[in-house]
Amino acid sequence: MSSTLREGGVPESFEPASVEGADGHRLAAWSRGSDSAPAAIVQAPAWGPSSDYLRLTLAPLLVDRLRVVTFDPRNTGKSTRSPAPRSQAASRLVEDLECVRRHFDIERFVVVGHSHGGFVAMAYAVRHPRRLRALIVLTTALRNRAAAADRDAILDSLPAGPQREQAVELVRAGEALSVDDVANDRELARWLRRRMAASFFDLDALTRFQRQLGRSALPSTDALRGMPREREVWVEEGLRDVDVPALIVAAAHDPVTPPSESERIHRLIRSSELAIINRAGHNPWVERPRETGRVVNAFLDRLPD
């Protein structure tokens, strides 16, 4: 495979689709690229955000060389809402991802997951390894909470500034996000926005990111309500048996999922490679698109046909 990743921007020609997911959910999906091209499915976090930010900023980096499919997880974005206890459990999300694969008639694919989406991608690798050409996870973790010492050391290393100071203090004071913290979707969006400056090393990149998102869908309290209190341990236990090519991308200045979390995953997946992007936070492809692109392209180039 050849070609290079392009830098971020508004994606062109993504075709919408409606997918029947597990439990009767309707999943809003989008695809771009030839049916004959190698495929990638991008898994968004399922605790609240829609897939908009990934379709607008990450998917454009992949479309030059892959057929790319994105979709809104259940209870988020344009997908149907039917919140229930543990509706966002990893086993259900894995089956939704499998429904997306079947809908688009994809035999084998590269699964790409960011943050909690990376956790779901790893869970899929545990349950359906034969369907994967490769696993790519960016700034993800196996636990709900990063170690406080790792988080605080990264927060201390961020460049100072008034916008940063309030966000850092909020992140230091907060525990894992709970539906008890917010009353509705707009309040959840405000909660996230106030903390976002702690998740970026480069605040100019944060401004560009927010501009790119434009009128993206609000995050969903319905999805947050359905999240299990703790991550399911079967995912971590199963990773020891995963033997598909895997790329784990961490960011040196990410307090949400610090590099120590990615190092832990790297030790579990024997077929994995670990790359740490310097001077970047929780969205490294936004802050350091060329460096992240080189890492991902080099990995894709090494995949067997």
*Evaluate salt bridge (charged side-chain N to carboxylate O under 4.0 Å, His left out) for Arg65 paired with Asp301, printing each intermediate quantity in order.*
CA-CA 10 Å; Arg65 62 187 303 159; Asp301 285 336; 2.8 Å; yes
*Take Leu61 and Thr292 through the test side-chain contact (heavy atoms from CB on, under 4.5 Å) and record every step on the way to the result.*
CA-CA 10 Å; Leu61 301 179; Thr292 307; 5.7 Å; no
*Show your working on salt bridge (charged side-chain N to carboxylate O under 4.0 Å, His left out) between Arg74 and Asp23 and close with a plain yes or no.*
CA-CA 10 Å; Arg74 56 174 58 206; Asp23 305 338; 3.2 Å; yes
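Counted by atom type alone, His114 and Thr140 present zero donor-acceptor pairs between their side chains at under 3.5 Å. Looking at Ser220 and Asn75, their side chains never bring a donor and an acceptor atom within 3.5 Å of each other. No donor-acceptor contact under 3.5 angstrom links the side chains of Thr80 and His25, judged on distance only. Side-chain atoms of Ser51 and Arg55 include a donor-acceptor pair closer than 3.5 Å. Checking Ser18 against Arg26 by side-chain atom types alone, a donor-acceptor pair falls below 3.5 Å. A side-chain donor from one of Thr257 and Asp254 sits under 3.5 Å from a side-chain acceptor of the other. A donor-acceptor contact under 3.5 angstrom links the side chains of Glu95 and His128, judged on distance only.
Contact check for Ile136 versus Leu300: side-chain heavy atoms found under the 4.5 Å cut-off. Inter-residue side-chain proximity for Gln163 and Leu206 is flagged as met; some heavy-atom pair is nearer than 4.5 Å.
Between the CG atom in Asp72 and the CH2 atom in Trp30 there is a gap of 4.0 Å [rounded to 0.5 Å].
The two residues Ala217 and Gly77 come nearest to each other via the heavy atoms CB-CA, 4.1 Å. Minimum interatomic distance between His253 and Ile154 (heavy atoms only, all atoms of both residues): C-CG2, 3.4 Å. Taking all atoms of both residues into account, the shortest heavy-atom contact from Met122 to Val137 is CG-CG1, 4.1 Å.
Using bins of under 30°, 30° to 60° and over 60° for the plane-to-plane angle, the ring pair Tyr53/Phe209 lands in the perpendicular bin.
Cluster membership check: Ile248 shares its hydrophobic cluster with Val244, using side-chain heavy-atom separations under 4.5 Å among Ile, Leu, Val, Met, Phe, Trp and Tyr. Note: the hydrophobic cluster containing Val94 also contains Leu27 (ILVMFWY, side chain heavy atoms under 4.5 Å, direct or indirect links). Hydrophobic clustering (side-chain heavy atoms under 4.5 Å, transitive across Ile, Leu, Val, Met, Phe, Trp, Tyr) groups Val68 together with Leu54. Criterion: ILVMFWY side-chain heavy atoms under 4.5 Å apart, direct or through other members. Under it, Leu132 and Val110 are not part of a common hydrophobic cluster.
Salt-bridge formation is detected for the pair Glu273/Arg302: a Lys NZ or Arg NE/NH1/NH2 atom is positioned less than 4.0 Å from an Asp or Glu carboxylate oxygen. With respect to the salt-bridge test (charged N to carboxylate O, under 4.0 angstrom), the residues Glu287 and Arg279 do not qualify. Arg270 and Asp241 are not joined by a salt bridge, as no carboxylate oxygen comes within less than 4.0 angstrom of a charged side-chain nitrogen.
Checked options Arg67, Arg130, Arg102, Arg131; the residue passing with Glu107 is Arg131 (criterion: salt bridge (charged side-chain N to carboxylate O under 4.0 Å, His left out)). Here the options are Arg81, Arg190, Arg225, the test is salt bridge (charged side-chain N to carboxylate O under 4.0 Å, His left out), and the partner is Asp185; only Arg81 passes.
Both cation-pi conditions hold for Arg127 and Trp234: the charged atom is under 6.0 angstrom from the six-membered ring centre and inside a 45 degree cone around its axis. Because its NZ or CZ atom is both nearer than 6.0 Å to the ring centre of Trp191 and within 45° of the ring axis, Arg195 counts as a cation-pi partner of that residue.
Between Phe109 and Tyr124, the distance separating the two ring centers is shorter than 6.0 angstrom.
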